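Predicted model only: the values in this text are computed from it and were never measured. We count ligands from 1, going down the list as the structure has it; atoms in each ligand are counted the same way. Here, residue 1 is the first one in the sequence, and each next residue gets the next number.
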Amino acid sequence: MTLDAARAALSAAQRVAVLTGAGVSAESGIPTFRDAQTGHWARFRPEDLASPAAYQRDPDMVWAWYAGRYRDVLRAEPNEAHRLLARLEADKGGGFFLATQNVDGLHARAGSGQGGGRLVELHGNLLSGRDEVTGEMFALPAPEQLATPPVSPRGHRMRPNVVWFGEFLPDDALEAAQQAFAAADVALVVGTSGVVYPAAGLAFETLERGGLVIEVNPEATELTPHLSFSVRDVASRGLAALLT
Ligand code: APR
């Protein structure tokens, strides 16, 4: 497949599904997870920070790590990649679906989910906390107040509103994503290493039904050999090459 053919397929597609990962927010200054030098998992073990067992073992340490990520998110702005995906949604309307693994809220801030299509945050959202007793979501206090776990207005400790290793994704979000990728004429996989399931498996929902899957990533990933086409570039430039 050539870049021109990929561009033509995207332009003609009625139904487009997009999966994004941390790479889409890298140009907003937010570290990825598996980058060999700067990734979170290059410095910590995920099971020591992003798992129910880690939280039970040492909630203060887990919150201290999330406070740092929350600070990164509050300082970050959506970048051109986020904006190009919001523009693609405006073009495709109800035929557009964006499933993100990111918890930074930048897609919503760029307008995704508000242009007629749908946005689901498969791994939750760092901007709110969850009451550990009632399960209700509440806004988090300022990062500097997160040295100890925050308490909800109901008086219970809150946990980060994200999906940890070993936990299930929200059923409705995953089901909607699986249906959208199964129905997609073209799927885009942008800025993800494609190693965490079930999110990474969404690409195969499209492929198995004869849809095209196009990757945008400066590096090859485990998904690359299975996909229709890869744009070997960063998200903002790779999406611009496909969409403008
Ligand atoms: N543009 C596009 N892609 C980029 C950029 C960029 N500027 N910079 C890095 N990348 C790519 C990397 O090559 C890598 O393939 O983004 C990908 C980031 O991969 P990960 O760090 O593994 O992040 P992600 O795929 O989102 O991880 C999935 O794992 O730790 C869990 O829950 C966490 O949601 C996360 C999940």
Side-chain angles (χ1 to χ4, degrees), residues 18-55 62 65-66 68-70 72-73 76-85 88 98-107 110 119-127 159-170 173-174 177 187-204 213-227 229-243:
V18 182
L19 172 69
T20 63
V24 117
S25 296
E27 293 166 87
S28 295
I30 295 182
T32 62
F33 292 95
R34 292 172 182 81
D35 180 284
Q37 274 73 44
T38 60
H40 289 292
W41 303 151
R43 290 171 290 143
F44 307 103
R45 292 183 330 141
E47 53 275 22
D48 290 344
L49 283 171
S51 70
Y55 187 64
V62 170
W65 180 61
Y66 275 100
R69 292 187 56 202
Y70 180 43
D72 288 346
V73 163
E77 291 297 328
N79 66 63
E80 187 58 12
H82 296 105
R83 286 190 287 274
L84 284 167
L85 289 173
L88 178 59
L98 169 55
T100 187
Q101 300 171 90
N102 301 337
V103 296
D104 56 34
L106 291 179
H107 283 301
L119 163 67
V120 294
E121 295 174 318
L122 294 173
H123 293 171
N125 185 312
L126 251 189
L127 299 174
R159 57 160 281 178
N161 176 36
V162 296
V163 178
W164 279 329
F165 286 98
E167 292 185 321
F168 291 106
L169 276 62
L174 179 58
L188 294 179
V189 177
V190 188
T192 181
S193 55
V195 297
V196 172
Y197 284 76
L202 291 170
F204 298 100
V213 180
I214 300 165
E215 178 181 53
V216 178
N217 196 315
E219 294 172 16
T221 69
E222 291 197 4
L223 293 175
T224 304
H226 306 282
L227 304 185
F229 187 69
S230 286
V231 180
R232 199 56 72 232
D233 205 340
V234 294
S236 57
R237 279 202 303 266
L239 286 170
L242 285 168
L243 299 172

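- Contact annotation: the side chain of Val196 never approaches that of Phe33 to less than 4.5 Å [non-hydrogen atoms, C-beta and beyond].
- Ala42 and Gln37 get closest at one heavy-atom pair: CB-O, 4.2 Å.
- Some N or O of Phe33 is nearer than 3.5 Å to an N or O of ligand 1, by distance alone.
- At least one side-chain heavy atom of Leu127 sits less than 4.5 Å from a side-chain heavy atom of Tyr70.
- For ligand 1, the atoms closer than 4.0 angstrom to any heavy atom of Glu219 are 13 (O).
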Residues Asp35, Thr32; criterion side chain to side chain donor-acceptor pair (under 3.5 Å); working and verdict: CA-CA 6 Å; Asp35 180 284; Thr32 62; 4.7 Å; no
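- Distances between N or O atoms of Ala26 and those of ligand 1 include no value under 3.5 Å.
- The option with the heavy atom closest to atom 3 (N) of ligand 1, from among Ala220, Pro218, Gly238, Gly194, is Pro218.
- Here the heavy atom of the protein found nearest to atom 23 (O) of ligand 1 is Ala22 CB, 3.6 Å.
- Taking every non-hydrogen atom of Phe165 and a distance limit under 4.0 Å, the qualifying atoms of ligand 1 come out as 30 (O), 31 (C).
- Within 6.0 Å of OH on Tyr197 lie more than 12 heavy atoms contributed by other residues, nucleotides or ligands.
- With respect to atom 30 (O) of ligand 1, the closest heavy atom belonging to the protein is Trp41 NE1, 2.8 Å.
- Any N or O atom pair closer than 3.5 Å counts here, and Asp35 shares no such pair with ligand 1.
- Scanning all protein heavy atoms for the shortest distance to atom 11 (C) of ligand 1 gives Asn217 OD1, 3.5 Å.
- Some N or O of Gly191 is nearer than 3.5 Å to an N or O of ligand 1, by distance alone.
- We find that Glu167 and Arg159 are joined by a salt bridge, their nearest charged nitrogen and carboxylate oxygen being less than 4.0 Å apart.
- For atom 1 (N) of ligand 1, the nearest protein heavy atom (residue, atom name, distance) is Ala235 N, 2.9 Å.
- Atom 34 (O) of ligand 1 has its nearest heavy-atom neighbour, among Arg34, His123, Arg237, in His123.
- The proximity of Glu27 to ligand 1, defined as any non-hydrogen pair under 4.0 Å, is limited to the side chain.
- Of all protein heavy atoms, the one lying nearest to atom 28 (C) of ligand 1 is Gln101 OE1, 3.3 Å.
- Here the shortest heavy-atom pairing between Gly238 and Val216 reads CA-CG1, 3.8 Å.
- Atom OG of Ser193 and atom CG of Asn217 lie 8.5 Å apart (nearest 0.5 Å).
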The test is side chain to side chain donor-acceptor pair (under 3.5 Å); show your working for Asp104 and Ser25 and say whether it passes. CA-CA 8 Å; Asp104 56 34; Ser25 296; 2.5 Å; yes
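- Counting heavy atoms only, Gly23 comes closest to atom 9 (C) of ligand 1 of the residues Gly21, Ala36, Ser193, Gly23.
- Distance from atom 25 (O) of ligand 1 to its nearest protein heavy atom, with residue and atom name: Thr192 OG1, 2.7 Å.
- When heavy-atom distances to ligand 1 are checked against a 4.0 Å cut-off, Val234 comes that close through both its backbone and its side chain.
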